[in-house]
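Everything below concerns the one structure shown next.
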2 protein chains.
Amino acid sequence: MTVETKERQAIRRSSNVPAYSQLADILEQQIAVLTDAERQRALPSEGDLSRQYGLSRITVRQALKSLETKGLVYSAQGRGSFPTVPRVKGISGFHSFTAEVRRNGQEPGSVILATDEVDGLPASVTEKLPVAEGENGPQVHLRRLRLIDGLPIAIEDAWLPKALFPDLAPADFSDGSLYSLLADRWGLEPAWTDALIEPGLANAEVSRLLKIAEDDPVLVAWRVTVTAEDKVFERVRSIYRPGFSLRVARYRLG
Amino acid sequence: MTVETKERQAIRRSSNVPAYSQLADILEQQIAVLTDAERQRALPSEGDLSRQYGLSRITVRQALKSLETKGLVYSAQGRGSFPTVPRVKGISGFHSFTAEVRRNGQEPGSVILATDEVDGLPASVTEKLPVAEGENGPQVHLRRLRLIDGLPIAIEDAWLPKALFPDLAPADFSDGSLYSLLADRWGLEPAWTDALIEPGLANAEVSRLLKIAEDDPVLVAWRVTVTAEDKVFERVRSIYRPGFSLRVARYRLG
DNA sequence: GTTGACAGGTTGTTATGACATGCTAATGTG
DNA sequence: CACATTAGCATGTCATAACAACCTGTCAAC
């Protein structure tokens, strides 16, 4: 990768954002616009980056390591560090629906079908997603219909623990991205997710909402999302319309 | 976590296995047997581990970081490092089928339906899993029926690039774990996978092989697996029987 | 022409040291 | 007793330093 030597972005040492994080952001941004062919060439070496940005090598390595963890680059001893080549495209269903659809250049939509508060999780959820002790307290329940370019894509039931989000009220769901609200008001962000995916057939209600035929094949995904500190963020059941693919990108093996 | 002070495992400095990796293995092993309740307690602090194993703090942190990347622990500033609590159980379909089923205490089985060599990937595969330039050379194709406790679970079609595995012959597939063979003979291991999962209906052939009814709902998974150096390891299409859940565990968000 | 040794550059590993930041529990004060 | 302060300990960040392990291209020797 060729890095422009003039007007290169600099690391702000006064910022409260760590230097390695700033460097990772800069590199991620530069990598994002590369073509597949350009990804064959190595990034600047750790020594070069160290000199160019006035950082120690350990800090540069920390930045590269964080990109490697995200699956954006890999390092090869004796050769250098290289960008990876994206292998699939589409919607994962694991990140923010709104953000993900928009990044694909499509228009996301969301219709709230119901909101309420319940004392504990439904049995159907706890069967699929085992609940650790003390995790089955009061929950806020949210039922949404997800749309892409106006077409109904999925029915989503989400349960959020009131213990983690005090004062969260059904009224908060009226507009905007739910994840953004939770990040802004409680400073909590999803870090990991565990999911179960199984095949199903559309019943009367599902076929009506998704505008498909009864007994059409659908995907049913059960998902529990946790924060970096392993606290349950939300539990979700999603039913996806036929023809829709769920993407699982950059899943780490081993 | 309480660590036994007597007969504690030691780090072998003469080994060619890095110290941080040895420590990570020791900790992983200790964590694996903890109950959910025990996972509420912090691991020994970085300073303690540093003194106990005679390693610098940076090395201890490297070990903890590798466990964090695998989703086994998390660290909280000012409090300590903690094991995470597993949230789902089941078969992911992403790792070695043989190993994963066995770990669940069940008996895996595999019937080879066909093996052959083809000049390029079928169009159905390249449609779902885009192919970078130079990646569509000769392939070894393998079709297997997967069994758990004798019950047919999935039909798997795998394509492995001959460029990456010279001298790989259909005869090699006769017995044992395919992943083990590839690791032993070419020193290559899968590191990441990208997948697309979609709903489908069983056609005549699928229903016959999986012993289900025609038009039963099935999961169809398209998967490309790459090595740590981002080289395509294999491409797989799997068709799973109804009632079988695909597990996606510890998927990193953000 | 092929092979081998080698130089130079790259990432991998590890140590020591320092300071910043955040959490917890004990302490002290009202 | 209730509450604010603080000391101590935890992880987070970053620098400097050194050597190991590995890859590639060059060039000499065969």
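Order of the sequence lines sets the chain letters (A, B, ...), proteins ahead of strands, with each chain counted from 1. Side chains are part of it too, since the values below use all heavy atoms of this structure and drop only hydrogens, waters and symmetry mates.
- Between the CD atom of A:Glu229 and the P atom of C:dC23 there is a distance of 8 Å, rounded to whole Å.
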Contact list (N/O, under 3.5 angstrom) for nucleotides 15-18 of chain C vs protein:
residue	atom	partner	partner atom	Å
C:dA15	OP1	B:Arg13	NH2	3.4
C:dA15	OP2	B:Ser56	N	2.8
C:dA15	OP2	B:Ser56	OG	2.6
C:dA15	OP2	B:Thr59	OG1	2.5

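- A straight line from CD of A:Glu46 to C1' of C:dG9 spans 12 Å, rounded to a whole angstrom.
- Checking the phosphate oxygens (OP1, OP2) of C:dT13, a side-chain nitrogen or oxygen of B:Tyr20 falls inside 4.0 Å.
- B:Lys65 has its NZ atom 13 Å from the P atom of D:dT11, to the nearest Å.
- The side chain of B:Ser45 has D:dA10 as its nearest neighbour among C:dC23, C:dT13, D:dA10.
- With respect to A:Asp194 and B:Arg247, no salt bridge is recorded, no charged nitrogen being found less than 4.0 Å from a carboxylate O.
- For B:Tyr74 and C:dC23, the OH to P distance is 13 Å, given to the nearest whole Å.
- In this structure, B:Gln22 atom CD and C:dT13 atom P are separated by 12 Å, rounded to whole Å.
- Atom C1' of nucleotide C:dG9 and atom CZ of A:Arg51 are separated by 11 Å, given to the nearest angstrom.
- Although no hydrogens or angles enter the test, the distance criterion places no donor-acceptor pair under 3.5 Å between the side chain of A:Trp186 and the main chain of A:Leu181.
- Listed here is the closest heavy atom pair of B:Val88 and B:Ala249: CG2-CB, 4.3 Å.
- Following rounding to the nearest Å, B:Arg79 (CZ) and C:dA25 (C1') show an atom-to-atom distance of 15 Å.
- Residues satisfying the side chain to side chain donor-acceptor pair (under 3.5 Å) criterion with A:Arg252, sequence neighbours excluded, are absent altogether.
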*Assess whether side-chain contact (heavy atoms from CB on, under 4.5 Å) is satisfied between B:Asp230 and A:Arg87, documenting all intermediate values.*
CA-CA 10 Å; B:Asp230 208 37; A:Arg87 306 285 173 177; 3.5 Å; yes
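- Here the two rings, on A:Tyr53 and A:Tyr20, have centers that are 6.0 Å apart or farther.
- Between the side chain of B:Gln77 and the base of C:dT21, a donor-acceptor pair under 3.5 Å is found.
- The six-membered or imidazole ring of B:Phe94 lies away from that of B:Tyr251, with a centre-to-centre distance of 6.0 Å or more.
- The residue among B:Gly47 and A:Pro18 whose nearest nucleotide of DNA chain D is located toward the 5' end is B:Gly47.
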